Amino acid sequence: EGLEHRVTCVRHLFESGHVVLQFAVTNQAEIKGQNISNVLVRVVSSDDDLYDVEAEIELPFLPFSSTGSCYIILREKKQTIGTVHTSFSCDLYFDDRSTPLQNLEISTDH
């Protein structure tokens, strides 16, 4: 359908046990002027015991040929000691469509 998107992720770690995943989405649609709305990346942890999704903040509108961010706020379910590795399956949602993305790997040190 001429839709192309680039997604990158930056993780922000907080001492409170929260992890904020900032997903920068670039709308590179092949058809000029093709805007998208209700942009969100949903994540599912490979280990349900580590994190809860506390909030999802979508990007309401992403114009053609621009970049914007949506966010996932994760909260640790329990305190851990040492380095913790986990992976998340990720899907990009917009305009009532979804597209699978590459898995996201996260390591945290406590």
Side-chain angles (χ1 to χ4, degrees):
E1 295 183 24
L3 298 175
E4 290 290 329
H5 306 94
R6 184 171 45 94
V7 180
T8 59
C9 181
V10 175
R11 68 178 180 154
H12 306 275
L13 305 175
F14 296 90
E15 290 181 18
S16 64
H18 287 85
V19 178
V20 175
L21 303 176
Q22 177 183 356
F23 292 96
V25 180
T26 302
N27 179 359
Q28 299 173 316
E30 293 176 4
I31 301 169
K32 187 172 180 167
Q34 190 158 12
N35 303 318
I36 59 176
S37 57
N38 305 318
V39 181
L40 181 66
V41 175
R42 288 219 163 103
V43 299
V44 176
S45 176
S46 62
D47 187 344
D48 290 339
D49 293 335
L50 290 177
Y51 295 101
D52 276 328
V53 174
E54 193 165 274
E56 299 175 328
I57 303 169
E58 73 177 26
L59 179 62
F61 184 75
L62 185 60
F64 169 75
S65 192
S66 65
T67 300
S69 293
C70 55
Y71 302 85
I72 300 295
I73 301 171
L74 304 171
R75 182 181 43 82
E76 283 183 338
K77 288 186 175 182
K78 59 185 176 185
Q79 279 294 108
T80 55
I81 297 174
T83 302
V84 176
H85 302 281
T86 190
S87 65
F88 294 86
S89 61
C90 303
D91 291 289
L92 173 65
Y93 287 84
F94 62 92
D95 296 335
D96 298 323
R97 300 178 191 167
S98 68
T99 302
L101 300 173
Q102 188 174 7
N103 283 358
L104 176 64
E105 304 287 329
I106 292 181
S107 296
T108 56
D109 291 319
H110 297 282

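Note that the structure is a prediction, hence the values are computed from the model and not measured. All residue numbers in this chain count up from 1 along the given sequence. In what follows, every heavy atom counts, from backbone to side chain, and hydrogens, waters and symmetry copies are set aside.
In this structure N35 satisfies the side chain to side chain donor-acceptor pair (under 3.5 Å) test with no other residue, sequence neighbours excluded. S69 meets the side chain to side chain donor-acceptor pair (under 3.5 Å) test with Q22; sequence neighbours excluded.
Across S37 and D95, no two heavy atoms sit closer than the pair OG-OD1, 2.6 Å. Heavy atoms only, all atoms of each residue included: E105 and S87 are closest at OE2-CB, 3.2 Å. What you find for K77 and D52 is that their closest heavy atoms are CE-OD1, 2.7 Å. For the residue pair C70 and V39, the shortest heavy atom distance occurs at CB-O, 3.7 Å. Nearest heavy atom pair, residue L104 against residue C9, reads CD2-SG, 3.9 Å.
S45 places a side-chain N or O within 3.5 Å of a backbone atom of D47 that can act as its donor or acceptor partner. The backbone N or O of L62 sits less than 3.5 Å from a side-chain atom of N27, completing a donor-acceptor pair.
The distance from atom CD of Q34 to atom CD of E4, rounded to the nearest 0.5 Å, is 10.5 Å. Considering CZ of F94 and CG of L40, their distance stands at 12.0 Å, rounded to 0.5 Å. Here the OG1-CZ distance, from T99 to R97, works out to 8.5 Å after rounding to the nearest 0.5 Å.
When hydrophobic residues (I, L, V, M, F, W, Y) are linked wherever their side-chain heavy atoms come within less than 4.5 Å, the members clustered with Y71 are F14, V20, I57, I73.
Side chains of P63 and F61 form a contact here, defined as non-hydrogen atoms less than 4.5 Å apart. Looking at heavy atoms from C-beta onward, L92 lies in side-chain contact with H5 at the 4.5 angstrom threshold.
Because its NZ or CZ atom is not both nearer than 6.0 Å to the ring centre of Y51 and within 45° of the ring axis, R75 does not count as a cation-pi partner of that residue.
Hydrophobic clustering (side-chain heavy atoms under 4.5 Å, transitive across Ile, Leu, Val, Met, Phe, Trp, Tyr) keeps L74 apart from Y93.
Using a cutoff of 4.0 Å between basic side-chain nitrogens and carboxylate oxygens, R42 and D91 are not scored as salt-bridged.
Partner F88 forms a side chain to side chain contact (heavy atoms under 4.5 Å, CB included) with one of V41, L101, I106, I72 and no other, that one being I106.
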(message) Show, in sequence, the C-alpha distance, side-chain angles and deciding distance for E54 and H18, and conclude whether the side-chain hydrogen bond (donor to acceptor under 3.5 Å, both in side chains) test is met.
(response) CA-CA 9 Å; E54 193 165 274; H18 287 85; 3.1 Å; yes
